[in-house]
Each structure stands twice: as C-alpha cells, then as structure tokens.
Amino acid sequence: MFSAMTLPHTAYLASLAPAIAAGIVHAWHAYQTRTGRWLLPTMVAAELTWTGYLSVRYPTFLPWLV
C-alpha cells in the first residue's frame with residue numbers, strides 16, 4: 001500500500017526507518033572503499049531529485065523544503 005498513498009502515515013514511515021538506516025550505513029561503508037565511492041553521491045543525488053519532484057507535484061505539503 002505504499003504506492004497508493006497520497007499522504008504517508010507515520011506508522012508506515014516508521015516501518016521503513018530500519019531499512020533506510022541500513023541502506024545509509026551500507027552506503028557509508030561502501031563510500032569508504034575505493035570501489036564503492038560512487039554509491040553515496042548517487043544516493044544523495046537521487047534523493048534530491050525525488051524531493052524536487054515531490055515538491056513540484058505537491059507544493060502545499062512541507063513548503064519549508066523549498
């Protein structure tokens with residue numbers, strides 16, 4: 001049901017927090033190695049792109065992001 005929501009509920013976001021944290025830790029460890037140096041910047045760029053898309057599509061939701 002994550003894709004059908006227009007406004008995310010806090011319980012759903014809390015259930016995603018451990019997976020997101022694990023992804024960040026994995027990206028940081030990969031960033032510290034020579035072969036995975038591209039992973040963390042790519043994740044940050046993807047997140048900024050996604051935030052920009054959502055800000056344009058839903059301008060009244062969290063207007064302080066812009």
Nearest heavy-atom neighbours spanning [X] and [Y]:
X: Arg37; Y: Gln32; value: NH2-O, 4.2 Å
X: Pro59; Y: Val56; value: CD-O, 3.7 Å
X: Ser15; Y: Pro18; value: O-CD, 3.6 Å
X: Ala27; Y: Met43; value: CB-SD, 3.4 Å

Q: Give a yes or no on whether Ile20 and Leu39 share a hydrophobic cluster (residues Ile, Leu, Val, Met, Phe, Trp, Tyr; joining criterion: side-chain heavy atoms under 4.5 Å apart).
A: no
Q: Please answer: with hydrophobic residues joined when any side-chain heavy atoms are less than 4.5 Å apart, are Trp50 and Val44 in the same cluster?
A: no
Q. Atom NE2 of His26 and atom CG of Leu40: how far apart are they, to the nearest 0.5 Å?
A.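 It comes to 11.0 Å.
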